[in-house]
Amino acid sequence: MTPLANSLSCLIALGCASFLWRKGSSPYRNGALLSVFLVLFSVFCYFAGDINDPTIEHYPFRMLALCLCLSTTSLSLYRRRYLVLAQSLWCWIELFGGISLYYHGIDIAWTRIAALLSMTLCSTFLSKISKEMEFCLMVFWLAVWVFF
Amino acid sequence: MRREKEKKSRLFKWAAICFAVVFSFFLADFLMGEPRVPERAVGSIPFDHALHGDSIGLDCAACHTGSRASANAFMPSKADCMDCHRLPLTENPGIETLDSVLAKADDRPWSHKRHLPDHVVFHHGVHAAAGVACADCHGRGYMQNRYGAELFNMQSCLKCHRGETFKEKGFKPAATYCAACHR
Amino acid sequence: MGMDRREFIKSCSLVAVMGLLFGCRKIPLEELAGDLPSLKRFEDEVKLALSQAKKSLDLVKIPTPGALKIPGASTLNRFGMAIDLDSCDGCGKCILACNLENNVPLVPNEDAARGRFMHWVDMRGSAPFMCAHCGNAPCERVCPTGAANHTPDGLSAMMYKRCTGSRFCGANCPVQARKFNFNDAQKLGLARQFNREVPLRDKGVMEKCSLCLHRLQNDRLKFKTSLTVGETAEEWRGRGVKTACAEACPKNAIIFGNWLDEKSPLVKLTKNRVLYAPRELADLDPSVVFMRGRR
Amino acid sequence: MFKYLMLAGLALFLPGLYALGYSIFEGPSAWMVDSRTFWGTPISLFVFWIGLAHAGTLLSAIFLALEIKLDRRTALIAELSTLVCLVFAGIFPLMHLGVVENFYMVMPLLDARGNFANVGSPLVWDFCCIAVYALLSLVFFMTHLKTREIPALDKYRKPMAWLLFPLVLWVHTVVSLDFATTFVPQWRGAFFPVYFIAGAIFSGLALMNLLLCSEGYRVRLLERLQLIFSWFMCAIWVWDLMLKGSLCTSAFIFAGVLPQFRMIAVIRENKWGRIALSLSVLIGLFLERLYIVSPDFGSCAASPLNWIDWGLIAFSVGGFVLLFFGIRRYLNWKMEGAGSYFGEVDGTDLADAEQQELEKEGARGIAKPRKGFYIQPWASEEYHVLRLPLLVGFAFALVYSIWVLSQSVFANVEFSFANIVPLLYPVIALVTTVTLYVRAYFVEQAFTLSRHEKWASVIVLVLVAACAGAFFAGGSSQNSTNTIDSQSIGVDAPVSQSHARLLWNTRCATCHGVDGKFNEKFVREFYPVPQKLDVQRLDSLGTDSLVKVILNGRANMNAYAGRLTPSEALGLVNYMQTLAKQATESAKEGDNDSAR
């Protein structure tokens with residue numbers, strides 16, 4: 001996945017994140033949106049990345065996890081709980097995706113997993129999420145996505 | 001008073017439980033473990049290891065012809081015995097009965113089932129060349145004409161190969177990967 | 001028939017004893033388990049396998065195999081084979097030699113029809129193909145009990161008594177070089193111990209080319225026996241050992257040797273040749289490779 | 001209603017039992033096995049039932065942990081279906097093994113021979129994860145039952161839920177890693193963990209709805225989730241199609257298209273309609289698992305399901321129905337009086353159930369945390385309960401992994417942290433639970449066991465110790481078939497100098513001595529003196545006459561023809577000459593020593 005496509009994918013994830021968890025949206029709407037986003041990310045990966053490259057296998061799901069993390073900032077209720085859950089979902093996909101690729105000979109991105117894990121643990125101590133904290137979180141996630 | 005009795009009975013109860021658990025572990029381990037080599041009778045021809053080995057000074061390889069050179073240590077054939085027993089050797093009366101029994105014996109008087117399973121490779125020559133004495137593995141029992149009852153399990157071989165036993169003999173540590181001894 | 005109680009109990013016990021005797025009498029025929037298969041049946045099965053061979057080989061260039069990269073690997077020995085595709089005409093004598101040397105069993109007719117043979121060597125793209133003994137073997141990585149393991153001198157060895165038949169190694173081998181004992185060959189009278197050195201495998205166990213491990217073992221033990229008697233003080237390099245298929249090949253297309261020993265025929269004969277390996281195994285560091293054309 | 005279902009279950013179970021017996025006897029050739037992956041129906045059944053088992057706990061534990069109010073009956077059905085599914089999820093991996101009696105070698109514990117299971121293998125992770133998971137969900141279910149007698153135990157239910165929540169996801173991820181870590185092209189996919197967990201939850205929801213409908217109740221939340229998950233599964237299948245270019249159409253129809261009919265009110269409101277929807281989802285997901293495990297099944301009709309496969313499927317379905325409704329009736333009958341236990345919530349929406357719960361709790365004066373107020377996880381009450389056991393668990397896991405990686409068996413196996421990570425969390429969870437309940441029973445006296453239960457636990461402990469002993473010992477393989485008697489004559493091949501030397505030490509040294517100057521002790525006492533070996537005497541006789549002497553014997557020496565080959569005899573003669581030369585040289589040194 002070229003760096004350009006990589007950064008493009010996180011922009012797409014950011015764009016999709018704004019549609020989720022709207023005020024008064026029913027679980028149907030959110031569920032359908034998640035599925036549609038997943039299909040969208042798959043199509044994007046199909047065209048942007050080389051299908052035979054092993055690291056593409058769990059790329060759309062990493063985009064989905066990033067999208068979920070970013071969408072938690074627009075949540076109104078239980079925001080920190082779902083923030084922690086979304087980040088641990090992303091760690092989960094990275095860790096176990098990495099392990100299955102490790103068995104195909106591709107090294108695991110330990111730095112990415114370590115960064116995410118540390119942010120997950122730290123975000124449990126957040127007392128009040130202010131606007132600036134929200135912005136820092138989003139910057140951190142995008143940085144993890146693009147640089148690590 | 002009642003509290004001590006009650007405390008003692010509780011202690012006894014716990015001791016019984018721990019004993020039952022440990023005992024069932026070792027019982028199952030004993031029942032399912034690798035058995036010792038079965039005891040073997042002397043066979044048709046009465047043979048005395050102490051007489052041939054210590055007093056006469058014969059080397060084990062003289063009769064067990066494979067013990068220094070090949071994988072299998074083999075048992076002596078009648079011809080091997082007749083190499084020396086072709087002449088009456090001593091004055092004591094026992095020699096006549098021995099010679100008559102030897103004459104009647106068939107040409108492979110001793111044979112037994114190999115104790116080690118087929119997938120295990122054990123080469124006597126290599127161990128003899130490495131300086132391992134026969135008594136190290138077979139024990140001293142054969143000197144008193146008691147054969148078998150050795151404990152040939154994988155753990156005893158591995159300990160020696162890693163150099164944990166017979167330290168005083170200073171054996172070179174040997175291979176412990178599976179395909180060294182298994183086929 | 002006024003039988004009183006005592007007679008009744010007596011006759012019941014008589015019947016019970018008769019039943020007991022009948023049950024536990026030794027069935028002499030049981031051990032024989034039918035007669036041993038003749039040599040001809042083995043040859044016919046090899047011909048059938050040759051006629052059914054349809055898989056092809058997708059070869060890609062690889063560098064000459066070097067020392068193993070696993071911890072505790074030997075720096076002196078790395079055994080392997082090279083198969084010369086130019087001189088091999090696909091006659092199949094190596095398959096029969098391997099089957100006889102390693103007591104590879106026959107398979108029942110319906111398995112044979114479906115091409116599910118037990119042969120350790122099978123024809124792919126009119127060339128003999130067997131386990132490549134990869135240095136970084138995927139089968140050994142996923143074997144749950146550690147039955148599939150790697151020896152320090154480069155053989156992917158199989159401990160049949162540790163195998164629990166999960167068949168995961170068979171699934172994970174990219175080129176499917178492993179065969180599974182679906183049937184109890186000895187009971188069905190399909191196995192025959194041509195070579196007493198190699199034990200028969202029982203049902204439910206996965207088996208594969210062992211690179212004639214028993215020949216290497218015997219040679220190593222013979223060398224170590226004579227070593228300490230003061231003949232040659234240097235290390236065992238497996239010189240002079242040949243696998244059954246290498247011996248049987250009329251055109252010497254299969255060369256067995258030690259990749260790390262300059263004097264071994266393998267290194268000498270592959271010096272100016274281009275080495276190939278199947279595409280799926282290329283980056284798993286295989287030690288059984290193919291040769292074609294001159295550098 | 002239960003009676004008819006149990007009879008149907010029995011009707012399916014008995015032929016299934018026969019099929020199971022036949023496949024254990026016959027081995028892997030009995031059922032449909034894929035030619036590429038060597039796996040077949042039992043493994044797809046295993047993945048199917050372990051998915052259902054996980055969904056049981058997923059629903060009850062997760063909803064409990066996230067305070068989503070679920071009425072007690074659904075929670076109990078979930079936990080019970082977990083346990084029953086686990087029974088079958090445990091049978092299939094054992095019965096599909098080629099050598100079933102070696103199953104214990106997969107356990108990562110040391111055995112008497114110093115062997116150790118390969119902890120880098122996904123199957124070892126599987127074994128441990130499922131064993132720990134079965135134990136923990138059993139403990140969770142027992143606690144759930146016992147909280148009715150001893151309310152104090154309720155304190156332990158939520159910490160257990162927080163332990164089970166990651167364990168469930170972990171175990172099913174490990175099941176998916178069985179496939180994702182291999183080189184099989186159809187199993188390519190680092191996304192398998194998410195794919196399998198979504199599939200497990202989807203099939204679990206379908207099973208829950210099915211069980212609830214069969215008892216005449218319905219929980220709309222679960223039905224809505226079922227529909228949402230069908231969309232999510234379709235999205236995953238789209239990506240799978242793009243990645244591998246193939247899709248299991250039958251699974252897509254059953255589990256992807258048919259559930260959409262829930263949107264039609266007629267089907268949704270009719271009980272049989274809801275049952276049909278859930279059934280189609282279950283069938284679809286089983287077909288999808290079958291397609292994943294053995295790709296041959298999907299692509300060509302060459303390997304259709306034979307009657308043994310249908311037997312195994314019938315065995316698991318019939319067995320589940322029989323066992324589940326059997327225990328259900330037993331629990332109902334045993335706890336007839338506990339009306340409130342099975343809250344009669346028939347047909348009302350979940351919101352009302354929640355309302356009732358709130359009023360009840362309001363009446364009892366338990367301060368329910370205000371909505372939106374966030375409890376710091378590290379300060380939460382569950383964490384206080386779990387803190388010490390978790391510490392013990394982590395310490396134990398650390399020591400365990402160091403001990404494992406130091407095993408001698410792994411001397412030449414390459415291991416990295418990634419190989420052992422999947423094995424760690426189940427170890428932590430197991431040790432944490434054990435410490436939790438040991439502490440609860442001994443230190444905090446939170447609950448007491450009746451005499452009957454005490455005896456039962458002691459017996460179980462003894463049985464476990466016996467099994468551990470048997471697995472440690474490992475049984476002995478049968479002795480060799482060939483017999484050992486005397487050495488027969490070897491093949492007539494040229495003999496090397498060292499072999500001749502060994503032969504001399506074996507055969508000839510008894511009389512002629514190791515150095516050729518004859519063995520005083522033996523010869524003097526018993527035998528006339530043999531010839532001394534010196535160079536002149538040997539040259540005068542010539543080698544072939546010496547070979548004839550060896551083979552045919554001489555005055556006091558027996559013939560060795562039957563025991564030595566001519567080339568061995570020739571080797572001995574050459575060796576004699578070297579001995580003789582050495583004898584003369586040492587004799588010269590001896591002379592000039594004495595001369596000097």
Side-chain angles (χ1 to χ4, degrees), chain A residues 26-43 45-47 51-52 54-62 64-65 76-82 84-85 88-89 92-108 110 121 124-129, chain D residues 65-67 120-122 125 166 169-170 173-174 176-183 187-198 221 224-225 227-245 263 371-379 416-419 421-422:
Chain A
S26 76
Y28 284 132
R29 182 178 174 285
N30 292 323
L33 268 179
L34 276 176
S35 312
V36 165
F37 287 160
L38 185 57
V39 171
L40 181 74
F41 295 153
S42 313
V43 168
C45 287
Y46 185 74
F47 291 110
I51 207 68
N52 298 325
T55 53
I56 199 84
E57 284 162 16
H58 63 312
Y59 200 86
F61 292 82
R62 285 176 52 223
L64 189 70
S76 59
L77 203 61
Y78 292 131
R79 181 144 34 120
R80 189 175 347 190
R81 164 176 305 168
Y82 289 120
V84 168
L85 281 183
S88 46
L89 172 69
W92 192 280
I93 294 174
E94 290 285 348
L95 178 66
F96 287 106
I99 286 181
S100 45
L101 288 181
Y102 174 76
Y103 274 70
H104 291 285
I106 293 138
D107 288 343
I108 300 180
W110 287 113
L121 294 179
T124 59
F125 294 103
L126 287 175
S127 57
K128 183 104 190 55
I129 305 182
Chain D
L66 301 182
E67 278 113 18
S121 156
W125 310 335
L169 298 173
W170 194 283
T173 312
V174 165
S176 73
L177 283 185
D178 281 355
F179 302 94
T181 56
T182 61
F183 281 88
W187 290 353
R188 171 174 178 249
F191 68 99
F192 266 27
V194 183
Y195 174 24
F196 272 54
I197 288 177
L221 170 70
R224 281 197 216 111
L225 279 178
L227 189 59
I228 293 168
F229 264 92
S230 72
W231 300 334
F232 193 66
M233 284 302 288
C234 292
I236 295 179
W237 280 333
V238 162
W239 170 240
D240 198 53
L241 176 64
M242 286 185 199
L243 203 56
K244 298 172 192 131
M263 297 175 195
K371 244 188 184 6
F373 173 73
Y374 175 72
I375 307 162
Q376 179 60 267
W378 308 113
S416 89
F417 184 60
N419 293 101
V421 156

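Letters go in sequence order (proteins before strands), and every chain restarts at 1. Everything numeric here is computed off the predicted structure, so don't read it as measured data. Just so you know, these numbers use all the heavy atoms, side chains as well, and skip hydrogens, waters and symmetry mates.
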Practice item. Please check if the side chain of H104(A) supplies one atom and the backbone of A180(D) the other of a donor-acceptor pair under 3.5 Å. Key: yes
Check your understanding: Looking at G31(A), A32(A), S35(A), S88(A), which makes the most heavy-atom pairs under 4.5 Å with chain D?
Key -> S35(A)
Check your understanding: Among L169(D), T173(D), V194(D), which one satisfies side-chain contact (heavy atoms from CB on, under 4.5 Å) with F96(A)?
Key -> T173(D)
**Study point:** Test side-chain hydrogen bond (donor to acceptor under 3.5 Å, both in side chains) applied to S100(A) - qualifying residues, sequence neighbours left out
**Key:** none
**Study point:** W187(D) side-chain N/O to T181(D) backbone N/O, donor-acceptor pair under 3.5 Å
**Key:** no
Point to revise | Short side-chain to backbone donor-acceptor contact, N419(D) and S416(D), under 3.5 Å | key: yes
**Study point:** Side chain, backbone, both or neither of I197(D) within contact of chain A (heavy atoms, under 4.5 Å)
**Key:** side chain
**Study point:** Y102(A), part contacting chain D, at a heavy-atom distance under 4.5 Å
**Key:** side chain
Point to revise | Interchain contact, L227(D) with chain A, by part (heavy-atom threshold 4.5 Å) | key: side chain
Revision key, fill the gap. Note: vs chain D, highest number of non-hydrogen pairs under 4.5 angstrom among L34(A), I93(A), L38(A) is L38(A)
Practice item. Check whether T182(D) gets within reach of chain A through its side chain, its backbone, both or neither, counting any heavy atom under 4.5 Å. Key: backbone
Study note, to complete from the structure: Assert top hit (heavy-atom pairs under 4.5 Å, partner chain A, pool F417(D), W239(D), F191(D)) equals W239(D)
Review point. Checking L243(D) against chain A: side chain, backbone, both or neither under 4.5 Å from a heavy atom?
Key: both
Study note, to complete from the structure: Per-residue tally against chain A (heavy atom, under 4.5 Å) across F183(D), F192(D), F229(D) peaks at F183(D)
**Study point:** Segment of P27(A) engaging chain D (4.5 angstrom heavy-atom cut-off)
**Key:** both
Point to revise | Part of V421(D) lying under 4.5 Å from any heavy atom of chain A | key: side chain
Exercise for review: Hey, could you give me the CD1/OG distance between I236(D) and S42(A), rounded to the nearest 0.5 Å?
Suggested key: 9.0 Å
Exercise for review: Heavy-atom pairs under 4.5 Å with chain D are the metric here; pick the option from L89(A), V43(A), I108(A) that has the most.
Suggested key: V43(A)
Exercise for review: Under the side chain to side chain contact (heavy atoms under 4.5 Å, CB included) rule, collect the residues that match up with V36(A), sequence neighbours excluded.
Suggested key: none
Practice item. Working to the nearest 0.5 Å, report the span between CZ of R188(D) and NZ of K244(D). Key: 8.0 Å
**Study point:** Best-contacting candidate, L95(A), N52(A), N30(A), against chain D by heavy atom pairs under 4.5 angstrom
**Key:** N52(A)
Study note, to complete from the structure: Cut-off 4.5 Å, heavy atoms of chain D, and the answer for F125(A) is both
Check your understanding: If you round to the nearest 0.5 Å, how far is CD1 of I56(A) from CG of L101(A)?
Key -> 11.0 Å
